Novice: 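Let me begin by handing over the structure; questions about it come next.
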2 protein chains.
Amino acid sequence: MARTRDDDTTRLDEAARAGWLYYVAGNTQEEIASKLGISRQAAQRLVSLSVTSGLVRVRLDHPIAACLELAERLKTRFDLRYAEVVPSDPTSASTTLGIAEACATEMERRLKQENPLVIAMGTGRTLKAAVENLPPMTCEHHRIVSLTGNIAPDGSASVYNVIFSMADQVKAPHYPMPLPVIVSTPEERRLLHRQTVVQSTLHLAAEAEVTFVGVGEIAANAPLLVDGFITPKEREELLAMGAVGEIVGWVFDARGRLIECAFNERVASAPIPSTETSEVIAVAMGPAKRSAIRAAAEGGLVNGLITDEATAERLLRN
Amino acid sequence: MARTRDDDTTRLDEAARAGWLYYVAGNTQEEIASKLGISRQAAQRLVSLSVTSGLVRVRLDHPIAACLELAERLKTRFDLRYAEVVPSDPTSASTTLGIAEACATEMERRLKQENPLVIAMGTGRTLKAAVENLPPMTCEHHRIVSLTGNIAPDGSASVYNVIFSMADQVKAPHYPMPLPVIVSTPEERRLLHRQTVVQSTLHLAAEAEVTFVGVGEIAANAPLLVDGFITPKEREELLAMGAVGEIVGWVFDARGRLIECAFNERVASAPIPSTETSEVIAVAMGPAKRSAIRAAAEGGLVNGLITDEATAERLLRN
DNA sequence: CTCTCGCTTGAGCATTTGTTCAATGGCGGG
DNA sequence: CCCGCCATTGAACAAATGCTCAAGCGAGAG
């Protein structure tokens with residue numbers, strides 16, 4: 001019963017083969033079954049395994065005209081170096097569907113580069129979903145650095161810290177930040193940031209050529225609140241000070257300026273890499289995040305954006 | 001009724017959108033229909049169009065263990081720099097299924113490189129199928145050069161000359177050879193090769209960093225014969241001299257040595273780029289081509305191979 | 001204005017795919 | 001050695017997909 005590693009791999013191999021016969025060679029599952037000498041159901045199970053285990057990856061080689069146009073307009077309107085718009089699924093309430101895949105594709109593009117890169121990663125649900133869409137690679141020449149601490153308020157490892165799973169998937173050297181995301185006092189932050197490990201990570205982050213970040217809203221279901229990084233009371237205070245969004249914890253107002261407040265002095269994240277030296281790509285969609293995205297783009301906190309059609313349209317409809 | 005270009009493109013856009021909703025968002029065709037406000041059949045047609053027009057591309061991120069192992073053994077056995085083995089469809093008689101896709105993927109990988117490359121292309125059915133699998137790209141920094149003339153025996157443009165469709169698809173500067181594949185006399189070849197255009201193409205070909213070629217058999221359904229480049233009588237003569245295969249027209253024997261004969265003196269193709277300076281990748285599969293492939297690999301005419309599992313196994317089973 | 005041609009449409013049907021469920025059988029524990 | 005657990009199997013059914021064909025529609029010719 002103890003399913004050995006070998007069992008697993010041969011099973012995946014067979015799944016890959018079945019998936020190949022199905023998707024590439026265009027066989028029907030019945031044909032596959034007879035070719036591999038198994039029952040139709042077994043074939044169906046293998047094919048289905050090949051998709052659920054992420055072996056097959058479909059890619060749509062078509063810059064859907066409307067999306068392309070929206071992307072162009074976003075670039076002009078917000079003075080971005082990079083913009084990508086994916087089609088919206090009108091009924092899905094997901095805030096990652098589509099952009100996660102697009103973000104993964106973009107990451108993959110960067111990772112395939114020959115010359116060594118420093119890639120900085122933010123945190124959050126969207127990036128997590130994106131990283132899950134990365135194919136296995138070997139990128140020993142790039143370095144991946146985390147902009148945020150990896151310790152959640154309750155002391156556990158933060159679930160949405162993506163650097164480990166990303167580094168694991170693409171086999172790249174990685175530099176996490178072994179400290180909490182939000183600390184108790186500015187003094188504590190100073191202290192923690194003085195550690196050698198943290199110092200080198202902070203320096204590396206400042207050198208990042210490419211940065212991927214999620215964007216959090218402050219109102220409604222603020223990720224900071226949901227994940228217990230702030231209390232409802234703190235949220236109210238932030239809102240009162242005009243906070244509309246947050247990137248790796250740094251809270252900013254509607255014009256995309258970091259708010260000078262007690263909270264931001266307790267954020268232990270690395271500074272968001274400069275848009276002068278780094279491509280800083282925000283990955284976010286959905287009505288709740290709209291004003292946060294707009295602020296970040298308008299204020300020049302980011303110079304790249306991956307979003308969906310509906311959000312893009314609303315961003316442009318001033 | 002005259003379907004305008006605009007009609008076509010918007011239709012493709014819709015197809016892309018439907019394909020996206022289907023393959024990426026995982027909608028059922030019925031859901032897509034209601035979301036786009038069309039009938040289920042219409043949705044089905046769009047999805048199917050998105051597939052047949054090559055918009056969706058499935059990719060299998062799994063080096064099937066057996067194939068990987070075969071590839072390794074091929075590399076060792078024939079001293080290759082590059083080998084790729086794709087799974088066989090046991091019942092398909094196709095000589096391109098699988099390797100065309102694999103070849104396209106490999107070409108794409110090269111084309112995505114930042115530093116400018118010279119890519120030399122052979123000719124034939126396999127390469128044609130491969131090129132049809134290339135995604136649209138913009139590669140203005142690479143140069144694609146043809147190793148063969150583009151004029152068929154009957155004076156028409158050779159169907160299997162792939163450089164134009166390839167260059168069109170990937171938007172790269174390209175250098176065809178405006179002359180017949182096989183000329184009547186060695187003198188004619190000298191004369192034609194003296195043209196300035198041809199000269200520069202020949203020089204470029206010699207500089208190629210990467211070369212993709214098909215491999216033709218001489219016995220059975222020799223492409224040279226089928227396409228009218230040689231007569232049945234000539235074929236017999238070549239076989240009598242020990243010919244087993246041919247690359248861009250150059251006929252070679254079982255040990256992979258170009259045969260010194262009247263026919264090879266009439267081949268107007270560029271010389272096959274040296275395996276010292278270029279990666280010369282043969283793309284071929286099938287029992288009929290087996291001895292030709294083995295000869296080419298053994299004789300060092302090529303140092304790369306893309307083939308299928310069954311062929312790989314037979315090549316290794318000495 | 002009407003007819004014709006050719007393309008598009010959607011209903012209906014055949015095929016393929018996905019899921020459920022009871023039966024099977026291997027394997028460790030008692 | 002036997003029991004029971006649990007993963008796996010295939011039959012049967014449900015859902016989704018693909019195909020065919022007759023009808024509809026619109027553009028242009030007469």
Side-chain angles (χ1 to χ4, degrees), chain A residues 1-60 62 65 87 89-92 94 97-98, chain B residues 1-60 62 65 87 89-92 94 97-98:
Chain A
M1 66 138 283
R3 176 157 277 299
T4 74
R5 142 81 87 142
D6 250 16
D7 272 357
D8 258 6
T9 44
T10 48
R11 196 166 164 73
L12 268 192
D13 288 352
E14 279 165 8
R17 171 171 301 251
W20 188 88
L21 288 166
Y22 189 67
Y23 289 106
V24 183
N27 282 288
T28 171
Q29 299 186 344
E30 213 137 10
E31 293 173 304
I32 297 174
S34 77
K35 281 173 194 181
L36 301 188
I38 54 182
S39 76
R40 186 184 71 76
Q41 281 88 336
Q44 131 78 3
R45 278 173 196 128
L46 283 180
V47 171
S48 138
L49 176 66
S50 78
V51 349
T52 55
S53 61
L55 259 39
V56 303
R57 183 168 304 273
V58 306
R59 156 177 150 195
L60 226 148
H62 186 87
D89 179 343
T91 59
S92 161
S94 163
L97 181 62
Chain B
M1 66 137 285
R3 178 158 275 297
T4 74
R5 141 82 89 142
D6 251 16
D7 272 357
D8 257 6
T9 45
T10 48
R11 195 165 165 73
L12 267 191
D13 288 352
E14 279 165 7
R17 172 171 301 251
W20 188 88
L21 288 166
Y22 189 67
Y23 290 105
V24 183
N27 282 287
T28 172
Q29 299 186 346
E30 215 137 8
E31 293 173 305
I32 297 173
S34 78
K35 281 175 193 179
L36 302 187
I38 54 183
S39 74
R40 186 184 70 75
Q41 283 86 340
Q44 131 79 3
R45 275 173 198 127
L46 284 180
V47 172
S48 139
L49 177 66
S50 78
V51 175
T52 57
S53 62
L55 258 42
V56 302
R57 184 168 305 272
V58 305
R59 152 180 151 193
L60 225 148
H62 187 87
D89 180 343
T91 60
S92 162
S94 162
L97 180 63

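Quick caveat: nothing in here was measured; it's all calculated off a predicted structure. Within every chain, numbering begins at 1; the chains are lettered A, B, ... in the order of the sequence lines, protein sequences first and strands thereafter.
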Novice: Which residues pass the side-chain hydrogen bond (donor to acceptor under 3.5 Å, both in side chains) test with A/R57, sequence neighbours left out?
Specialist: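 Expected list: B/D61.
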Novice: Taking side-chain hydrogen bond (donor to acceptor under 3.5 Å, both in side chains) as the definition, give me every residue that meets it alongside A/E31, ordered by chain and number, with sequence neighbours left out.
Specialist: none
Novice: Report the residues that fulfil side-chain contact (heavy atoms from CB on, under 4.5 Å) with A/S92, sequence neighbours left out, ordered by chain and then residue number.
Specialist: A/D89, A/S94, A/L97
Novice: Okay, side chain of B/N27, backbone of B/I32: is any donor-acceptor separation there less than 3.5 Å?
Specialist: no
Novice: In whole Å, what is the span from the CG atom of B/L36 to the C1' atom of C/dG10?
Specialist: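 Taking atom C1' of C/dG10 as the reference, CG of B/L36 is at 17 Å.
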Novice: Please list residues of residues 40-57 of chain A whose heavy atoms come under 4.0 Å from any atom in DNA chain C, ordered by number; otherwise none.
Specialist: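 When residues 40-57 of chain A is checked for heavy atoms under 4.0 Å from DNA chain C, the hits, listed by number, are A/R40, A/Q41, A/Q44, A/R45.
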Novice: Is the shortest side-chain N/O distance from A/S39 to OP1 or OP2 of D/dT9 below 4.0 Å?
Specialist: no
Novice: Are any non-hydrogen side-chain atoms of B/R17 and B/L36 less than 4.5 angstrom apart?
Specialist: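 The answer is yes; the side chains approach within 4.5 Å.
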Novice: Where along residues 20-30 of chain B does a heavy atom fall under 4.0 Å from DNA chain C?
Specialist: none
Novice: To the nearest 0.5 Å, how far apart are OG in A/S34 and CZ in A/R40?
Specialist: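 That separation rounds to 12.5 Å.
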Novice: Taking all atoms of both residues into account, what is the closest heavy-atom pair of B/A43 and B/Q29, and its distance?
Specialist: CB-O, 3.6 Å
Novice: Report, one line per pair, each donor and acceptor closer than 3.5 Å where one atom sits in a side chain of residues 47-56 of chain A; sequence neighbours left out.
Specialist:
{"residue": "A/S50", "atom": "OG", "partner": "A/V47", "partner atom": "O", "Å": "2.6"}
{"residue": "A/T52", "atom": "OG1", "partner": "A/S48", "partner atom": "O", "Å": "3.1"}
{"residue": "A/T52", "atom": "OG1", "partner": "A/L49", "partner atom": "O", "Å": "3.2"}
{"residue": "A/S53", "atom": "OG", "partner": "A/L49", "partner atom": "O", "Å": "2.7"}

